Amino acid sequence: MTERDKVIEAIDIKKYFPVRARERKTSGQSVLKAVDGLSFQIGKSETLGLAGESGCGKTTTAKLLLNLYPLTEGKILCNDTDISVLKGKELKSFRLQAQMVFQDPYESLNPRFKVKSILEEPLEIHRLGDKNERVDKVLEVLEEVGLNPANRYLESYPHELSGGQRQRVAIARALILRPSFLVTDEPVSMLDVSIRAGVLNLLQRMIDERALAGLCISHDLSLLRYLCHRSAIMYLGRIVEIGPTEALIKKRYHPYTVALLEAVPHPNPDYKYRLDNITGEVTSAANLPPGCRFYNRCIKRMKICQEIAPQPIEIENGHWVECHLYNN
Ligand SMILES: Nc1ncnc2c1ncn2[C@@H]1O[C@H](COP(=O)(O)OP(=O)(O)OP(=O)(O)O)[C@@H](O)[C@H]1O
Ligand code: SF4
Ligand SMILES: [Mg+2]
């Protein structure tokens with residue numbers, strides 16, 4: 001990725017949440033380190049996958065990138081602008097550029113509105129175009145997301161559509177503002193298996209054709225493989241391995257990546273992992289050990305791991321791992 005292609009950049013970002021008084025008594029800690037020093041970039045027409053067990057900080061990372069939470073520390077640049085200092089008009093313009101597609105399309109589609117109003121609303125909020133131009137844009141984006149003939153869907157309510165059609169409307173709503181950065185959080189896990197491929201295909205085409213930067217949170221290995229050029233594995237607020245998706249899946253340097261990628265996804269709609277292959281509980285993010293966060297579950301742990309936190313090292317071109325096994 002050249003500097004010109006870079007759309008979004010996270011520089012050592014941290015998000016600490018205050019811990020409730022009752023929990024503070026047990027852990028002795030006053031903060032929960034949900035995201036604890038992440039650095040990465042995403043370029044035009046590139047999708048970065050984010051995977052890891054429940055609670056490792058994936059959604060918090062996405063919300064930081066969308067400027068929905070203030071950072072505790074670090075910096076996020078979108079097209080070279082520091083998003084934390086944006087106010088007024090500039091903040092509004094950032095909101096145009098960064099959009100999100102949720103796991104459950106109902107979260108972004110008001111059930112009392114027809115498709116036409118759902119898609120017109122963001123244009124109205126940002127005062128884009130007159131009434132006729134807005135309708136034209138709505139028809140255009142419906143066609144782009146494969147809802148043809150577009151006219152037929154204008155007067156439909158979300159509950160009158162199938163799950164796949166609803167997710168297509170949610171994608172249309174995110175795309176109608178012509179963003180440069182798109183976050184998707186488990187975009188197909190609530191959909192019937194038979195229609196997932198179609199929606200993934202659409203996302204891939206949109207990211208490619210519109211030269212978007214994408215961040216795709218998913219528990220699904222096949223989805224990461226299909227949609228994401230690079231993938232990052234998160235554990236307790238850190239990226240423990242990041243690299244080109246195929247290389248990461250094939251090589252699996254980090255002991256946690258090995259365990260995670262071998263895990264069987266649980267067959268419920270939330271699609272959480274079941275890590276039968278390792279023992280031990282995930283340490284609390286409000287009570288982190290001084291050394292490696294994966295220490296208590298790692299089958300390869302060494303003495304140094306208990307005392308010193310590993311730092312990321314580049315093992316191959318663009319493939320980084322944070323583990324003492326690779327320090328020499
Ligand atoms: N608003 C908040 N206030 C306090 N703690 C929070 C808040 N949001 C998230 N957390 C905590 O931060 C950690 C990371 O949460 P996050 O939702 O980012 O995880 P996740 O990886 O998205 O999990 P999942 O796969 O279940 O969606 C968790 O320990 C969670 O309990
Ligand atoms: S640093 Fe040590 S404990 Fe942590 S993952 Fe590597 S080998 Fe395991
Ligand atoms: Mg989440």
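Indexing begins at 1, ligand by ligand and atom by atom, following the structure's order. Numbers for residues simply follow the sequence, beginning at 1. Heavy-atom basis, side chains included; hydrogens, waters and symmetry copies ignored. These numbers come from a predicted model, not from an experiment.
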Quick one: which ligand 2 atoms are inside 4.0 Å of a heavy atom on L325? 7 (S)
Taking backbone and side chain together, does H324 place any N/O/S atom at a distance below 2.8 Å from atom 6 (Fe) of ligand 2? no
For ligand 1, does A285 get within less than 4.0 Å through its side chain, its backbone, both, or neither, judged by non-hydrogen atoms? neither
For atom 17 (O) of ligand 1, which of the options T59, V282, I217 provides the nearest non-hydrogen atom? T59
Ionic contact status for D36 with K15, cut-off 4.0 Å: no
Please determine if A34 has a nitrogen or oxygen closer than 3.5 Å to a nitrogen or oxygen of ligand 1. no
Output the list of atoms in ligand 2 that are nearer than 4.0 Å to some heavy atom of K300, sorted by atom number. 7 (S)
Look at atom NZ of K14 and say whether more than 12 heavy atoms of other residues, nucleotides or ligands are closer to it than 6.0 Å. yes
Specify whether an N/O/S atom of T60 falls short of 2.8 Å from the Mg ion (ligand 3). no
Are the charged groups of K116 and E124 less than 4.0 angstrom apart, N to O? no
Quick one: nearest non-hydrogen protein atom to atom 8 (Fe) of ligand 2, plus distance? C298 SG, 2.3 Å
Whether R205 and E144 form a salt bridge (side-chain N of Lys/Arg under 4.0 Å from carboxylate O of Asp/Glu) is what I want to check. no
Show your working on side chain to side chain contact (heavy atoms under 4.5 Å, CB included) between L96 and R178 and close with a plain yes or no. CA-CA 7 Å; L96 282 171; R178 302 249 150 215; over 6 Å; no
Could you walk me through whether Y69 and F17 pass the ring-ring contact (aromatic ring centres under 6.0 Å, His included) check? CA-CA 11 Å; Y69 282 150; F17 291 111; 5.5 Å; yes
Minimum-distance protein heavy atom relative to atom 2 (Fe) of ligand 2: C305 SG, 2.3 Å
In terms of residue, atom name and distance, what is the protein heavy atom nearest to atom 4 (Fe) of ligand 2? C292 SG, 2.3 Å
Numbered atoms of ligand 1 (with element) below 4.0 Å of H219, judged on heavy atoms: 25 (O)
Identify, by atom number and element, the atoms of ligand 1 in contact range of T60, meaning under 4.0 Å from any of its heavy atoms. 9 (C), 14 (C), 15 (O), 16 (P), 18 (O)
Among the heavy atoms of R293, does any lie under 4.0 Å from an atom of ligand 2? no
For R301, the ligand 2 atoms with a heavy-atom partner under 4.0 Å come out as 3 (S)
Lys/Arg N to Asp/Glu carboxylate O, K6 vs E9, below 4.0 Å: yes
Assess the residue pair S84 and D82 against the criterion (side chain to side chain donor-acceptor pair (under 3.5 Å)); give the C-alpha distance rounded to whole Å, side-chain angles, the decisive distance to 0.1 Å, and a yes or no. CA-CA 6 Å; S84 64; D82 182 348; 2.8 Å; yes
Closest non-hydrogen atom pair between L161 and R166, with its separation: O-NH1, 2.9 Å
Nearest non-hydrogen atom to atom 5 (S) of ligand 2 belongs to which of M302, H254, E241? H254
Mode of L32 contact toward ligand 1 - side chain, backbone, both, neither (heavy atoms, under 4.0 Å): side chain
With E53, which of R293, R297, K58 fulfils salt bridge (charged side-chain N to carboxylate O under 4.0 Å, His left out)? R297
Would you say ligand 1 has an N or O under 3.5 Å from any N or O of G52? no
When you look for heavy atoms under 4.0 Å from ligand 1, do you find them on the side chain of Y69, its backbone, both, or neither? side chain
Please determine whether a side-chain nitrogen of the Lys or Arg among K137 and E133 lies less than 4.0 Å from a carboxylate oxygen of the Asp or Glu. no
Can you tell me which residue and heavy atom of the protein come closest to atom 6 (Fe) of ligand 2, and the distance to 0.1 Å? C323 SG, 2.4 Å
I'd like to know if E120 pairs up with R134 as an ion pair, taking the criterion as any Lys NZ or Arg NE/NH1/NH2 lying under 4.0 Å from an Asp or Glu carboxylate oxygen. no
For ligand 1, note which part of M234 has a heavy atom under 4.0 Å away: side chain, backbone, both or neither. neither
